[in-house]
Amino acid sequence: MEHVQQVEPFDYVIFGATGDLTMRKLLPAFYNRLRMGQIPDDARIIGTARTDIDREGYVARAREALERFIPDDVRSSVLVDRFLSLLHYVTLDGTKADSEWGDLSSLLSQAPADRIRVYYFATAPQLYGRICENLHSHGLVTPHSRVVLEKPIGTDMATATAINDGVGQYFPENQIYRIDHYLGKETVQNVLALRFANPIMNTIWSGEQIESVQITAAETVGVEGRASYYDTSGAMRDMIQNHLLQVLCLVAMEAPDSLEADTVRNAKLAVLNALRPITDETVAAETVRAQYTAGVVGGQSVPGYLEELGQPSNTETYAAIRAWVDTPRWKGVPFYIRTAKRSAHKVSEIVIRFRSAPTTLFGSAPAGNRLVIRIQPNEGIELQLNVKNPALDAYTLRTADLDTAIRMEGGLPFPDSYERLLLDAVRGNPILFIRRDEVEAAWRWAEPVLNAWSENKVPMQTYSAGSYGPEKSAEMLAAKGDKWHEDME
Ligand SMILES: NC(=O)C1=CN([C@@H]2O[C@H](COP(=O)(O)OP(=O)(O)OC[C@H]3O[C@@H](n4cnc5c(N)ncnc54)[C@H](OP(=O)(O)O)[C@@H]3O)[C@@H](O)[C@H]2O)C=CC1
Ligand SMILES: O=C1O[C@H](COP(=O)(O)O)[C@@H](O)[C@H](O)[C@H]1O
């Protein structure tokens with residue numbers, strides 16, 4: 001049984017409450033937490049958007065969303081009704097000072113003044129600053145208020161700065177929670193436990209023993225209904241600048257002195273600041289970008305990206321980068337990061353490849369050990385070891401896997417990362433949220449690559465939907481005697 005503690009009563013105000021994210025992720029996440037007994041009876045979830053509907057209209061939409069996104073076996077009509085009773089709705093244009101702020105204000109003023117108030121921005125990020133300004137001018141920012149910002153925090157350094165400045169004018173940094181849902185994943189959080197709670201890992205966690213690191217997030221889906229967003233973003237902005245760099249930080253950071261949020265964030269920031277800049281001179285060797293063409297995924301024929309989009313595009317659906325963390329610990333260790341839409345499999349994983357044993361005892365050099373941290377699916381940890389080959393007379397080696405699944409007690413699936421993050425904002429625990437300087441350091445590293453790509457300094461490759469990516473990507477690893485995980489024996 002999941003160990004849960006009820007959070008304090010709260011008012012959660014969602015801007016963008018009629019949108020895809022709210023319906024698909026946020027409301028189901030709240031429902032699941034209510035099901036686990038974590039939501040107090042007097043909590044309120046207040047949806048706002050411009051769509052002119054009343055509370056009943058909103059409740060009907062929310063009910064539909066739960067029917068769609070909560071599996072039958074965990075959806076009970078009693079719990080659904082209890083959940084829907086927490087919902088309120090205010091028709092409001094968050095960007096207009098003369099919109100229905102009075103309605104929101106009078107609803108909020110029904111709760112005690114010291115009630116925890118979370119403003120969740122599930123709208124386009126360009127609106128965040130104006131919504132904050134309006135919250136402030138209508139007296140809705142209390143000492144117990146905090147604001148949760150959805151990604152993307154900008155599309156480059158300038159736009160990220162504008163968003164951060166806009167919000168930062170009205171909320172101090174310690175009241176700003178920038179979501180990165182990868183940090184809410186149980187197996188991503190596990191990286192710290194694996195590294196720092198196990199001396200056997202801790203002592204081998206450096207370039208002395210580690211030859212290379214791979215971080216992959218591949219998906220079988222294409223751009224689904226989000227082509228208009230995705231085509232302005234691409235794989236680098238959508239996945240690498242945020243999620244995969246955060247994972248890299250957890251793999252590469254020095255041990256923090258405590259699990260206090262800023263201590264951990266300082267350790268991550270040090271990694272981001274130590275990333276070797278990719279320049280016009282190195283970008284062609286250290287990066288690969290590509291678009292998928294028509295192919296077969298999961299037995300189904302699917303169109304290519306450009307056909308789906310219906311127009312030409314210079315946006316990558318695949319990106320692979322060889323990154324270097326210039327610290328003594330990681331001297332000479334390449335970090336290969338890649339992400340893909342329409343890949344052969346859905347897999348997010350970290351692969352640590354250790355150096356092989358310097359021995360001639362067994363004839364040829366034994367294979368280097370390999371540690372695979374499976375973020376999703378089949379969450380778990382696998383360690384590949386060399387053992388004696390029992391079937392042969394000669395003393396030869398083969399590999400064997402120590403494989404442990406990481407599961408909830410009772411084999412239940414892990415809670416969705418939004419469940420953890422939504423309530424961490426209520427708890428006032430920012431450890432799994434990104435600080436402003438982390439966002440900026442990530443842009444500082446990513447922007448030169450994006451600029452070089454937009455100037456076509458790196459040719460756009462293609463890969464068939466349902467494949468593992470373009471040849472060029474395998475070649476980038478082969479140049480250092482390496483292989484992607486799926487190509488290793
Ligand atoms: N969908 C997803 O899976 C993910 C989304 N995100 C991010 O979450 C945010 C929302 O995405 P998504 O839900 O897909 O987008 P949608 O377009 O589906 O929803 C946008 C929401 O914003 C509301 N809105 C738009 N303008 C205003 C305004 N001026 N005042 C108040 N509300 C407004 C819309 O309602 P109305 O038109 O009625 O005002 C709607 O509820 C974006 O930043 C996106 O990048 C991040 C990760 C995943
Ligand atoms: O943030 C995003 O993440 C999803 C992938 O998330 P995952 O938890 O399924 O790995 C991705 O599909 C989307 O494009 C991106 O915006």
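As the structure is a computational prediction, the values presented were derived from the model and not from experiment. Computed over heavy atoms, backbone and side chain alike; hydrogens, waters and symmetry mates excluded.
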*Asks:* Which heavy atom of N429 sits nearest a heavy atom of R420, and at what distance?
*Replies:*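 Closest approach of N429 to R420, heavy atoms only: ND2-NH2, 4.5 Å.
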
*Asks:* Strictly by modelled atom types, are Y119 and Q175 linked by a side-chain donor-acceptor pair under 3.5 Å?
*Replies:* no

*Asks:* Within the structure provided, determine whether E486 and H345 are in side-chain contact (heavy-atom separation under 4.5 Å).
*Replies:* no

*Asks:* Under 4.5 Å between any side-chain heavy atoms of W330 and W324, yes or no?
*Replies:* no

*Asks:* Just by distance, do the side chain of H485 and the backbone of I215 share a donor-acceptor pair under 3.5 Å?
*Replies:*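 No; zero donor-acceptor contacts below 3.5 Å.
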
*Asks:* Flag the pair L183 / L250 as yes when at least one side-chain heavy-atom distance between them is below 4.5 Å, and no otherwise.
*Replies:*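 Side-chain contact under 4.5 Å: yes.
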
*Asks:* Please check if the side chain of S105 supplies one atom and the backbone of W101 the other of a donor-acceptor pair under 3.5 Å.
*Replies:* no

*Asks:* Is the number of heavy atoms from other residues, nucleotides or ligands within 6.0 Å of CD (E8) greater than 12?
*Replies:* no

*Asks:* Under a 4.0 Å threshold between the charged nitrogen and the carboxylate oxygen, would R226 count as salt-bridged to E224?
*Replies:*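 Salt bridge absent between E224 and R226.
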
*Asks:* If you apply the rule side chain to side chain contact (heavy atoms under 4.5 Å, CB included), what do you find for H181 with H243, and how did you get there?
*Replies:* CA-CA 8 Å; H181 81 277; H243 307 316; 3.6 Å; yes

*Asks:* With a 4.5 Å cut-off on side-chain heavy atoms, are I278 and P448 touching?
*Replies:*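 The answer is no; the side chains never approach within 4.5 Å.
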
*Asks:* Hey, is NZ on K151 packed in by over 12 heavy atoms from elsewhere, all under 6.0 Å?
*Replies:*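 Yes - once you tally the heavy atoms of other residues, nucleotides and ligands closer than 6.0 Å, there are more than 12.
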
*Asks:* Side chain to side chain contact (heavy atoms under 4.5 Å, CB included), that's the test. Do L135 and F171 meet it? Break it down for me.
*Replies:* CA-CA 10 Å; L135 286 170; F171 286 88; 4.3 Å; yes

*Asks:* Rounded at 0.5 Å granularity, tell me how far CZ in R50 sits from NZ in K96.
*Replies:* 8.0 Å

*Asks:* Check this for me: does any side-chain nitrogen of one of D165 and R436 sit under 4.0 Å from a carboxylate oxygen of the other?
*Replies:* yes

*Asks:* Can you find a pair of side-chain heavy atoms, one from L107 and one from V13, that are under 4.5 Å apart?
*Replies:*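 Sidechains of V13 and L107: no contact.
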
*Asks:* Quick one: pull up CD1 in I321 and CG in L244 and give me the separation to the nearest 0.5 Å.
*Replies:* 9.5 Å

*Asks:* Does any donor atom in the side chain of Y318 or S473 lie under 3.5 Å from an acceptor atom in the other side chain?
*Replies:* yes

*Asks:* Shortest non-hydrogen contact from K268 to E438?
*Replies:*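 Heavy atoms only, the tightest pair is NZ-OE1, 3.0 Å.
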
*Asks:* Give the minimum heavy-atom separation between S228 and T232, together with the two atoms involved.
*Replies:* O-CG2, 3.6 Å

*Asks:* Looking only at heavy atoms, what is the nearest atom pair of S343 and T220, with distance?
*Replies:*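 For S343 and T220, the tightest heavy-atom pair comes out as O-CG2, 3.5 Å.
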
*Asks:* Donor-acceptor pair, T216 side chain versus A218 backbone, under 3.5 Å?
*Replies:* no

*Asks:* Looking only at side-chain N and O atoms, does H88 offer a donor or acceptor that is under 3.5 Å from a partner on Y58?
*Replies:* no

*Asks:* Are the charged groups of D156 and R237 less than 4.0 angstrom apart, N to O?
*Replies:* no

*Asks:* Among Y177, Y12, Y128, which residue satisfies the ring-ring contact (aromatic ring centres under 6.0 Å, His included) criterion with F121?
*Replies:* Y128

*Asks:* May I ask you to decide whether D11 forms a salt bridge with R117, counting only side-chain N to carboxylate O separations under 4.0 Å?
*Replies:*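 Salt bridge absent between D11 and R117.
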
*Asks:* Any side-chain donor paired with an acceptor under 3.5 Å for D238 and Y229?
*Replies:*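 Yes, because at least one side-chain N or O of D238 sits under 3.5 Å from a partner of the opposite role on Y229.
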
*Asks:* For G94, is there any backbone N or O sitting under 3.5 Å from a side-chain donor or acceptor partner on R130?
*Replies:*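 Checking the backbone N and O of G94 against the side chain of R130, no donor-acceptor pair under 3.5 Å is found.
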
*Asks:* Side chain of R195, backbone of M253: donor and acceptor closer than 3.5 Å?
*Replies:*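 Such a contact is found between R195 side chain and M253 backbone.
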
*Asks:* Taking V426's backbone N and O only, do any of them form a donor-acceptor pair with R146's side chain (distance below 3.5 Å, no angle check)?
*Replies:* yes

*Asks:* Report the distance from atom NZ of K341 to atom OH of Y463, rounding to the nearest 0.5 Å.
*Replies:* 9.5 Å

*Asks:* To the nearest 0.5 Å, what is the distance between CG on L269 and CZ on R435?
*Replies:*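 If we round to the nearest 0.5 Å, L269:CG and R435:CZ are 6.0 Å apart.
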
*Asks:* Can you tell whether the side chains of R374 and E349 come within less than 4.0 Å, N to carboxylate O?
*Replies:*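 No.
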
*Asks:* With a 4.0 Å cut-off on N to O distance, would you call E173 and R178 a salt bridge?
*Replies:*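 A salt bridge is present here (some side-chain N lies under 4.0 Å from a carboxylate O).
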
*Asks:* Could you check I337 against V247 for side chain to side chain contact (heavy atoms under 4.5 Å, CB included), going step by step and ending with a plain yes or no?
*Replies:* CA-CA 10 Å; I337 326 170; V247 174; over 6 Å; no

*Asks:* Hey, are K185 and D180 close enough for a salt bridge, meaning a charged N less than 4.0 Å from a carboxylate O?
*Replies:*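 Not counted as a salt bridge, because no side-chain N and carboxylate O are separated by less than 4.0 Å.
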
*Asks:* Check for a donor-acceptor pair, side chain of R289 on one end and backbone N or O of V458 on the other, with a separation under 3.5 Å.
*Replies:* yes

*Asks:* Under a 4.5 Å cut-off applied to non-hydrogen side-chain atoms, are K346 and Q376 in contact?
*Replies:*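 Counting from C-beta outward, K346 and Q376 do come under 4.5 Å.
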
*Asks:* Is a donor on one side and an acceptor on the other found under 3.5 Å between the side chain of S106 and the backbone of G102?
*Replies:*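 Answer holds: yes.
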
*Asks:* Partners of A49 by side-chain contact (heavy atoms from CB on, under 4.5 Å), sequence neighbours excluded?
*Replies:*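 For A49 the side-chain contact (heavy atoms from CB on, under 4.5 Å) partners, ignoring immediate neighbours, are T18, Y89.
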
*Asks:* Any non-hydrogen side-chain atom of T263 less than 4.5 Å from a side-chain atom of L259?
*Replies:* no

*Asks:* Would you compute the distance between atom CD of E471 and atom OG1 of T462 and round it to the nearest 0.5 angstrom?
*Replies:* 10.5 Å

*Asks:* Could you tabulate the donor-acceptor pairs under 3.5 Å formed by side-chain atoms of residues 297-306, not counting sequence neighbours?
*Replies:*
unit_1: Y305; atom_1: OH; unit_2: D231; atom_2: OD1; d: 2.5

*Asks:* Using the rule given for side chain to side chain donor-acceptor pair (under 3.5 Å), can you reason through W453 versus T287, listing the C-alpha separation, both sets of side-chain angles and the distance that settles it, and then say yes or no?
*Replies:* CA-CA 9 Å; W453 287 359; T287 73; 3.1 Å; yes

*Asks:* What's the separation between atom CD1 in I176 and atom OH in Y170, rounded to the nearest 0.5 Å?
*Replies:*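 Between I176 CD1 and Y170 OH, I get 12.5 Å after rounding to 0.5 Å.
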
*Asks:* Carefully, step by step, assess W443 and T161 under the rule side chain to side chain contact (heavy atoms under 4.5 Å, CB included).
*Replies:* CA-CA 10 Å; W443 278 124; T161 304; over 6 Å; no

*Asks:* Of all the heavy-atom pairs spanning D42 and R115, show the shortest one and how long it is.
*Replies:* O-NH1, 2.9 Å

*Asks:* To check you understand the geometry: which heavy-atom pair defines the closest contact between F10 and P40, and what is its length?
*Replies:* CE2-CD, 4.1 Å

*Asks:* Under a 3.5 Å distance rule, please check whether E419 uses its side chain to pair with a backbone N or O of N32 as donor and acceptor.
*Replies:* no

